[in-house]
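Only one structure is covered here, and it is reproduced in the block below.
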Amino acid sequence: MFENLKTFRQDFYILFVSSLAVILVMEIYLIHQPEIFKGAEIIGLIVLKLCYSIMASVVFYFFFRSLKRREEKKANIVFVNKSFG
């Protein structure tokens with residue numbers, strides 16, 4: 001599993017980590033702060049839900065797309081080795 005994380009796309013990794021950082025800051029620190037301007041809470045909720053969606057998308061991509069491709073590559077290598085090896 002960890003070898004798959006090493007070859008994971010860099011842009012998705014950055015998206016995941018930055019979304020996680022925003023979620024942690026908003027849920028732990030900013031939840032107790034008063035609004036800076038009227039409507040800031042609504043903007044914060046939109047950003048928070050967007051970050052949750054980004055994280056879910058990256059996890060979905062990793063488990064269902066990235067790992068599937070690696071398994072297909074392994075199957076192709078085995079087939080080629082059996083055919084020509």
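Positions are given from 1 along the sequence.
- For the pair Tyr13 and Val58, the minimum side-chain heavy-atom distance is 4.5 Å or more.
- Ile46 contributes atom CD1, which lies 9.5 Å from atom CG of Leu50 (distance to the nearest 0.5 angstrom).
- The 12-atom threshold is exceeded at CZ of Phe37, counting heavy atoms of other residues, nucleotides or ligands nearer than 6.0 Å.
- Using a 4.5 Å cut-off between side-chain heavy atoms of Ile, Leu, Val, Met, Phe, Trp and Tyr, with links allowed through other members, Ile31 and Leu45 fall into different hydrophobic clusters.
- Residue pairs that meet the side chain to side chain donor-acceptor pair (under 3.5 Å) test with at least one member in residues 48-59, sequence neighbours left out, are Glu27-Tyr52.
- Summarising the local packing, CD of Glu35 is surrounded by more than 12 heavy atoms from other residues, nucleotides or ligands at distances under 6.0 Å.
- Linking Ile, Leu, Val, Met, Phe, Trp and Tyr residues whenever their side-chain heavy atoms come within less than 4.5 Å places Val25 and Ile36 in a single cluster.
- No side-chain donor-acceptor contact under 3.5 Å links Ser19 to the backbone of Phe16.
- Placement of Val59 and Tyr61 within a single hydrophobic cluster is found when ILVMFWY residues are connected by side-chain heavy-atom separations under 4.5 Å, directly or transitively.
- Hydrophobic clustering, with ILVMFWY side chains joined whenever heavy atoms are under 4.5 angstrom apart, keeps Met55 apart from Ile14.
- Of the candidates Leu20, Leu15, Ile23, Ile23 is the only one forming a side chain to side chain contact (heavy atoms under 4.5 Å, CB included) with Cys51.
- Met26 has its side chain within reach of Val47: a pair of non-hydrogen atoms, C-beta onward, lies under 4.5 Å apart.
- Linking ILVMFWY residues whenever their side-chain heavy atoms come closer than 4.5 Å, directly or via other members, places Ile28 and Leu48 in the same cluster.
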